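Remember, it's a predicted structure, so these values are computed and weren't measured experimentally.
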Amino acid sequence: MQSFRTEIENPVVEKDIIELAKKIELFKKGKVDEEKFRSLRLARGVYGQRQEGVQMIRIKLPYGKVKSNQLRKISDVSDEYSRGRLHITTRQDIQIHYVDLDRTPELWAALEQDDITLREACGNTVRNVTASETAGIDPDEPFDVSPYAHAVFQHFLRNPISQEMGRKFKVSFSGTDQDTGLSYMHDLGFIAKIQDGIRGFKVMLGGGLGSQPRHADVFYDFLAANKIIPLMEGVVRIFDRHGERKSRAKARMKFLIKDIGIEAFRTLVEEEQLAIPEKSIEIDAGAYKISVPKNITAPSVEIKDLTAFELWKSTNVIPQKQEGYVAIGIKVLLGDFYTDKARLLADLIDKYAAGELRLSLRQNILIPHVRKDLIPVVYTILKKLGFAAPGYNKAIDITACPGTDTCNLGIASSTGIAEELERIIKIEYPQYLKKDDMVIKISGCMNACGQHNMANIGFQGMSIRTKEKLVAPALQVLLGGGNIGNGNGRFADKVVKVPSRRGPEALRRILDDFEANSNGNSFMKYYEKNGEKYFYELLKDLSSIDNLTQEDFIDWGNEQKYVKEIGIGECAGVVIDLIETLFLESEEKLENAIESLYSNVYSDAIYHAYSALVNSAKALLLSENKKTNTHTGIISQFDQEFIVTGRIKLKSTFSTLAYKIKNNAPSKTFALAYIAETENFIAKARSFRTAAINA
């Protein structure tokens with residue numbers, strides 16, 4: 001096994017990477033269960049790919065901020081361990097594909113040299129914290145949300161309360177009431193506000209996309225900034241304890257809120273506050289490092305095609321609140337770009353901007369802090385790099401997930417149809433190069449990584465079966481969704497399903513009708529006026545499968561006949577049911593508790609102990625084929641099956657023991673006692689299991 005001790009300065013990170021390397025080695029030797037190993041690697045950004053034997057690596061980039069040195073490092077890593085292609089996601093991450101599993105620890109170690117992490121980019125964790133890409137430069141923002149997004153990222157990274165939840169947890173920050181962070185579709189969304197001179201946020205809770213999208217509830221109209229981390233800690237703790245764990249389809253926060261209601265959830269969060277170590281956490285926004293633009297004389301450049309330049313300026317140059325500066329948007333087709341261009345882009349932002357860029361939720365790149373007199377030279381360089389396509393964040397700028405290119409869950413191609421639709425808009429509807437109130441998004445399956453069900457016009461990859469049982473790729477057409485602002489949005493209606501090859505014709509009909517009948521209204525208002533039935537009638541003949549041609553059985557971007565292949569999705573990991581593995585996990589958690597105790601991090605020590613308790617109880621319940629859907633279910637059922645019956649004897653009920661976590665403030669005294677009780681319980685559970693096996 002390779003050593004990383006001389007490469008990583010942070011001992012916590014070093015230990016994490018070495019642990020991954022050890023687990024890979026044990027997995028290869030057959031000593032770690034595949035499902036257990038899957039959970040571990042997902043929480044470290046290592047994601048199974050559609051192609052056998054290789055991994056997708058997701059690089060976690062909080063609120064999409066990337067410094068020039070980090071972009072170079074990511075490029076170096078992609079060249080060394082992959083194929084030189086970088087993919088921007090709709091959560092402001094970068095993904096690289098086709099990585100050998102054995103090389104992932106050294107890849108991670110290389111990234112950490114420039115303060116880049118993979119940790120919790122995937123798995124049942126708090127995922128990347130996203131934010132408006134214009135945070136810090138938006139003329140309309142009451143304040144820069146970047147320091148607050150960064151503080152949340154740091155607080156929950158490796159935090160024991162959010163390592164093994166029932167599902168992933170997504171957080172966003174919006175800088176203005178335009179809500180460009182899309183708070184209404186997040187588990188927890190924050191919109192910047194100032195009230196009585198105090199910085200704070202409107203808080204949205206329980207939103208989500210997927211096959212059953214749910215609009216987030218308003219949790220607080222205003223919450224002071226120093227309360228957001230304690231609040232989120234309470235929310236995450238309750239989600240961890242009460243959230244579904246067995247059925248992935250019901251395991252998101254939105255289903256918990258739907259089941260118990262927002263007020264019952266609020267009560268649970270309030271009851272949890274005693275266990276939270278800090279009731280108020282000040283975030284020092286003044287200490288946040290702000291990039292400073294370079295002082296450079298603008299070189300003289302000749303622009304031959306002034307018409308193209310003016311079009312680009314009208315769509316890709318964004319005003320900044322800092323006088324004399326603008327931000328420049330780079331439209332990145334499908335979010336894909338290559339390392340040779342990335343390095344040159346890093347050189348450009350070092351010389352002509354402030355040495356940083358932001359990745360956007362629409363899979364694009366924004367360069368802030370460009371002096372206005374430098375716009376011509378920056379344009380000429382971007383043009384040479386192929387980065388000067390007009391239409392940044394406009395209708396032509398289509399969002400699409402990787403779909404069947406690399407994702408296990410992809411049903412139909414999203415990238416292939418996206419390229420074709422962009423081509424059609426560019427040629428047939430050139431006026432849409434400037435239209436900024438129409439959003440088109442595409443996902444390869446119902447999980448909505450391309451965010452299709454919150455778009456004005458959305459497409460979802462599906463399949464259709466003919467009477468002869470032939471299978472062809474298809475697209476569900478969704479219409480009328482969109483972001484209204486200030487935490488409000490509308491999810492698109494499913495209108496009709498058409499063979500994928502008819503997707504372009506469906507788009508033409510929609511745009512032609514919009515041009516003829518919108519009367520200057522936005523697409524959302526135009527859709528609301530006409531209604532779902534109107535559009536079904538407009539498109540229903542395209543849904544017929546009685547007249548399919550040979551071409552209809554070949555998906556966009558492919559040459560071979562379509563075959564529906566869906567693998568095991570890993571977006572949220574899987575439940576691990578092996579009893580012995582669970583006991584081993586409990587012992588690891590107990591070790592972590594003791595380590596946190598010695599480090600004087602008492603709240604972490606207590607949570608590790610709590611996790612070990614529940615894990616061990618789960619092991620015994622599973623050994624008797626009992627359901628273990630939630631932590632609360634495990635705790636109550638363990639009492640029924642083992643304590644009330646006298647099969648295991650404790651000084652109290654198991655519920656009383658487990659729930660001491662929420663009924664005691666975190667202190668050294670309580671942590672010591674709780675860890676001792678946990679150790680005693682695990683020993684009793686182990687003994688019971690051994691006796692049962694030997695009986």
Side-chain angles (χ1 to χ4, degrees), residues 26 30-40 123-124 160 163-167 237-251 255-256 259-260 568 572-593 607-662 674-695:
L26 291 172
K31 295 183 178 180
V32 175
D33 175 71
E34 182 175 359
E35 302 306 330
K36 163 65 175 137
F37 177 67
R38 184 193 309 235
S39 178
L40 180 136
N124 301 328
Q163 297 305 301
E164 296 176 335
M165 298 181 289
R167 284 293 301 267
R237 283 168 174 260
I238 297 306
F239 176 54
D240 188 39
R241 190 175 307 144
H242 293 265
E244 170 71 30
R245 289 177 177 271
K246 192 169 184 64
S247 172
R248 280 185 55 192
K250 297 179 180 179
F255 294 107
L256 177 58
D259 288 344
I260 70 173
I568 298 173
V574 295
V575 178
I576 302 158
D577 291 331
L578 296 178
I579 290 89
E580 180 59 25
T581 301
L582 285 170
F583 275 122
L584 291 172
E585 270 190 322
S586 295
E587 288 160 3
E588 286 182 359
K589 293 175 190 296
L590 190 58
E591 290 174 5
N592 291 336
Y607 210 90
H608 283 306
Y610 162 79
S611 298
L613 279 171
V614 176
N615 214 54
S616 300
K618 176 181 178 180
L620 289 190
L621 287 169
L622 287 174
S623 72
E624 300 196 357
N625 298 314
K626 302 299 181 182
K627 292 182 179 180
T628 58
N629 290 32
T630 66
H631 275 192
T632 53
I634 291 169
I635 292 167
S636 62
Q637 192 165 9
F638 191 86
D639 273 336
Q640 295 170 21
E641 299 292 334
F642 294 98
I643 305 302
V644 174
T645 58
R647 298 166 73 192
I648 291 181
K649 297 187 183 300
L650 299 176
K651 293 179 180 179
S652 66
T653 64
F654 183 66
S655 298
T656 300
L657 172 59
Y659 288 142
K660 284 184 178 182
I661 188 175
K662 68 173 182 176
Y674 200 53
I675 289 171
E677 288 182 293
T678 300
E679 195 167 17
N680 179 57
F681 176 79
I682 293 174
K684 285 179 179 290
R686 272 284 202 186
S687 178
F688 182 92
R689 173 64 177 164
T690 300
I693 292 172
N694 295 331

Taking [X] for its side chain and [Y] for its backbone only, find out whether a donor-acceptor pair lies under 3.5 Å.
| X | Y | value |
| --- | --- | --- |
| N615 | S611 | no |
| T690 | R686 | yes |
| Y674 | A658 | yes |

Minimum heavy-atom separation for [X] and [Y], please, with both atom names.
| X | Y | result |
| --- | --- | --- |
| A612 | I682 | CB-CD1, 4.0 Å |
| V614 | H631 | CG1-CD2, 3.5 Å |
| F638 | A617 | CD1-CB, 3.6 Å |
| K662 | R241 | CD-NH1, 3.7 Å |

- request: Take Y607 and D240 through the test side-chain contact (heavy atoms from CB on, under 4.5 Å) and record every step on the way to the result.
  value: CA-CA 11 Å; Y607 210 90; D240 188 39; 2.6 Å; yes

query: To the nearest 0.5 Å, what is the distance between NZ (K651) and CZ (F681)?
result: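 CZ of F681 is found 15.0 Å from NZ of K651.
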
Worked verdict on L620 versus R689 for side-chain contact (heavy atoms from CB on, under 4.5 Å): CA-CA 7 Å; L620 289 190; R689 173 64 177 164; 3.9 Å; yes

query: Among all residues two or more places apart in sequence or in another chain, which pass the side chain to side chain donor-acceptor pair (under 3.5 Å) test with Q163?
result: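 R119, E120.
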
task: Evaluate the criterion side-chain contact (heavy atoms from CB on, under 4.5 Å) for residue pair K684 and N680; output intermediate values, then yes/no.
output: CA-CA 6 Å; K684 285 179 179 290; N680 179 57; 3.5 Å; yes

query: Any salt bridge between K618 and E585, counting N to O under 4.0 Å?
result: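 Salt bridge: no.
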
task: Take H608 and T678 through the side-chain contact (heavy atoms from CB on, under 4.5 Å) test and state the conclusion after the steps.
output: CA-CA 10 Å; H608 283 306; T678 300; over 6 Å; no

Polar contact flag, side-chain donor to acceptor under 3.5 angstrom, S655-T653: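 There is no such pair (donor and acceptor under 3.5 Å, judged by atom type) between the side chains of S655 and T653.
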
